[in-house]
Amino acid sequence: MNLLVTGGSGFIGSNFIRYLLTETDFNGRIINVDCLTYAGNPENLSDIEAHFSDRYVFVKEDICHQEEMAKIFDYYSIDVICHFAAESHVDRSIAAPDAFVQTNIFGTYTLLELARKRMHHIKRFHHISTDEVYGSLGKSGYFSETSPYQPTSPYSASKAASDHLVRAYFHTYGLPVTLSNCSNNYGPYQFPEKLIPLMILNALAGKPLPVYGDGRNIRDWLYVRDHSAALWTILENGEIGETYNIGGNCELENIRLVEQICEIIDNLETLQFNTPRKDLITFVTDRPGHDRRYAIDASKIKADLKWAPKTPIEQGLRETIGWYINNQEWVNRVISGEYRSWIEQHYNF
Ligand code: NAD
Ligand code: TYD
């Protein structure tokens, strides 16, 4: 297998590549194509690059560049695609939607066209998407694979458009696609603009913990290693043309999650003056159009492919917090220039 992973230097892509090469019987070659936006960091895989130099290749390229991507498809004889590359942060999509339309929609279209033109050779195009395409839930109910699409942010709307394109290429041209829509991921190597790593780093530094609105929005948390296992299961055994919802079976209000992070860190490190970190929680202006609740019904992937999430949130949070504490150099390099200006502009502190 010559597996093209797009966006493999980002959070989930780099965890997936690491998982594939170190924890599965995958014996092919991975070609990671990433243009290294602010969210892409080749350092995430520098050890993998050194250990698997014959089976892992990194190419810096933009998935929207059709001619350059065509050369990559042909040179590496790509036969399976696992498409992660995207602009992925809702708040940034509200501030500046352009890049979301470009990468998430046009970039996906570009890859689909390249795959369609090599149909005889392509075995699988797997598209990674989000539960946010289904919109917001009320107090009850779950997103299933047949829930209607009701995206509400520029991010989720651009992901919804890309999902529709992928399905259209299956129905119209017979491209062998699979799709997965997952809930909120967390774990090592996540860029600290997202809730969990932002709260961990601020809590460790004794900085304010900015919770949007009343803090009672609900997300379904999925440990990134469990997600990687689900993706490998789909690549191996998923049925062509099918969509699989992947969830953590772990609904939590944001405020409860932040309090849990505070408690774990308090038990590891005493804050100066001995104040509990919960005191750092600061309610800030809500995100415009903030979806209230996401929750995944993952019964299809469980029944069809025997996958279920394994990591309890307490364990996943402890491992993630430990990772950020032990990887201060990674953190210091990541939270430089562009990151600082985003935090200043978005939170005003
Ligand atoms: P991320 O922002 O950490 O990483 C995205 C990667 O894509 C980065 O390395 C970036 O450099 C790269 N990239 C962006 N534009 C590109 C382009 N034009 N060409 C090439 N590379 C480009 O995102 P993530 O959290 O790892 O998410 C990966 C995928 O999973 C995305 O498709 C996202 O929509 C989806 N997803 C993420 C979550 C989550 O909780 N993080 C949840 C559901 C779905
Ligand atoms: P986020 O990690 O941005 O993921 P998504 O918007 O894709 O679900 O946010 C998770 C939840 O945390 C969401 O309800 C928004 C909230 N949130 C805060 O309360 N404060 C913050 O600083 C951030 C980044 C998010």
Side-chain angles (χ1 to χ4, degrees), residues 5-16 32-42 44-45 59-65 68-69 82-94 99-100 102-104 106-108 110-111 127-133 136 152-153 155-156 158-159 162-163 180-187 189-199 202 208-224 227 231 245-248 252-255 257-258 281-287 289-294 296 342-343 346-347:
V5 174
T6 68
S9 302
F11 163 51
I12 305 177
S14 62
N15 274 283
F16 175 70
N32 169 18
V33 172
D34 196 304
C35 72
L36 303 182
T37 66
Y38 75 93
N41 184 353
N44 294 358
L45 291 169
V59 184
K60 184 175 182 302
E61 191 50 74
D62 187 327
I63 56 162
C64 300
H65 295 163
E68 299 309 317
M69 288 303 300
C82 204
H83 175 35
F84 294 88
E87 288 292 336
S88 68
H89 190 38
V90 174
D91 294 322
R92 286 184 193 257
S93 83
I94 295 167
F100 289 75
Q102 183 65 13
T103 287
N104 300 2
F106 188 74
T108 302
T110 304
L111 294 172
H127 178 63
I128 285 105
S129 192
T130 169
D131 58 0
E132 304 194 24
V133 298
S136 184
T152 58
S153 71
Y155 164 65
S156 54
S158 66
K159 291 296 290 187
S162 68
D163 293 11
S180 54
N181 294 74
C182 68
S183 59
N184 286 63
N185 283 224
Y186 69 103
Y189 300 100
Q190 188 166 28
F191 193 79
E193 64 187 353
K194 303 277 168 67
L195 182 72
I196 289 184
L198 180 79
M199 294 299 159
N202 283 15
L209 306 176
V211 172
Y212 296 161
D214 63 1
R216 303 202 53 196
N217 301 66
I218 292 175
R219 299 292 182 265
D220 173 358
W221 293 97
L222 172 65
Y223 196 49
V224 67
H227 184 199
L231 292 175
N245 278 2
I246 308 171
L252 270 178
E253 286 183 348
N254 291 338
I255 188 70
L257 177 67
V258 174
I281 291 174
T282 310
F283 289 94
V284 298
T285 311
D286 209 353
R287 170 187 284 173
H290 194 176
D291 288 341
R292 194 63 173 167
R293 174 171 166 255
Y294 303 144
I296 286 265
W342 165 255
I343 294 291
H346 187 63
Y347 297 99

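Numbers here are sequence positions counted from 1. All ligand and atom numbering here is 1-based and tracks the order in the structure.
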Dump the pairs for me: ligand 1 N or O, protein N or O, distance under 3.5 Å, to 0.1 Å.
{"residue": "ligand 1", "atom": "2 (O)", "partner": "S88", "partner atom": "OG", "Å": "2.7"}
{"residue": "ligand 1", "atom": "3 (O)", "partner": "F11", "partner atom": "N", "Å": "3.0"}
{"residue": "ligand 1", "atom": "9 (O)", "partner": "G10", "partner atom": "N", "Å": "3.0"}
{"residue": "ligand 1", "atom": "9 (O)", "partner": "D34", "partner atom": "OD1", "Å": "3.3"}
{"residue": "ligand 1", "atom": "9 (O)", "partner": "D34", "partner atom": "OD2", "Å": "2.5"}
{"residue": "ligand 1", "atom": "11 (O)", "partner": "D34", "partner atom": "OD1", "Å": "2.6"}
{"residue": "ligand 1", "atom": "11 (O)", "partner": "T37", "partner atom": "N", "Å": "3.0"}
{"residue": "ligand 1", "atom": "11 (O)", "partner": "T37", "partner atom": "OG1", "Å": "3.1"}
{"residue": "ligand 1", "atom": "18 (N)", "partner": "D62", "partner atom": "OD1", "Å": "2.9"}
{"residue": "ligand 1", "atom": "18 (N)", "partner": "T103", "partner atom": "OG1", "Å": "3.0"}
{"residue": "ligand 1", "atom": "19 (N)", "partner": "I63", "partner atom": "N", "Å": "3.0"}
{"residue": "ligand 1", "atom": "21 (N)", "partner": "C35", "partner atom": "N", "Å": "3.2"}
{"residue": "ligand 1", "atom": "23 (O)", "partner": "S88", "partner atom": "OG", "Å": "3.2"}
{"residue": "ligand 1", "atom": "26 (O)", "partner": "F11", "partner atom": "N", "Å": "3.3"}
{"residue": "ligand 1", "atom": "26 (O)", "partner": "I12", "partner atom": "N", "Å": "2.8"}
{"residue": "ligand 1", "atom": "32 (O)", "partner": "F84", "partner atom": "O", "Å": "2.8"}
{"residue": "ligand 1", "atom": "32 (O)", "partner": "K159", "partner atom": "NZ", "Å": "2.6"}
{"residue": "ligand 1", "atom": "34 (O)", "partner": "Y155", "partner atom": "OH", "Å": "2.7"}
{"residue": "ligand 1", "atom": "34 (O)", "partner": "K159", "partner atom": "NZ", "Å": "3.1"}
{"residue": "ligand 1", "atom": "40 (O)", "partner": "N185", "partner atom": "N", "Å": "2.8"}

Going by atom types only, do [X] and [Y] share a side-chain donor-acceptor pair under 3.5 Å?
{"X": "N104", "Y": "S162", "answer": "no"}
{"X": "S9", "Y": "K60", "answer": "no"}
{"X": "N181", "Y": "D163", "answer": "yes"}
{"X": "E132", "Y": "Y294", "answer": "yes"}

**Item:** Over all atoms of both residues, closest heavy-atom pair of Y212 and T285
**Value:** CD2-O, 3.9 Å

**Gap separating the CD1 atom of I218 from the CZ atom of R216, nearest 0.5 angstrom** = 8.0 Å

**Asked** Parallel, tilted or perpendicular: which fits the ring planes of Y38 and F191, with parallel below 30° and perpendicular above 60°?
**Response** perpendicular

**Message:** Angle between ring planes, Y155 versus F100, binned at 30° and 60°: parallel, tilted or perpendicular?
**Reply:** perpendicular

**Under 4.0 Å from ligand 2 - residues by heavy atom, chain and number** = H89, V90, E132, N184, E193, K194, L195, L198, P210, V211, Y212, N217, R219, N254, R287, H290, Y294, Y347

**Message:** Tell me whether the NZ or CZ atom of R219 lies within the 45° cone about the ring axis of Y186 and under 6.0 Å from its centre.
**Reply:** no

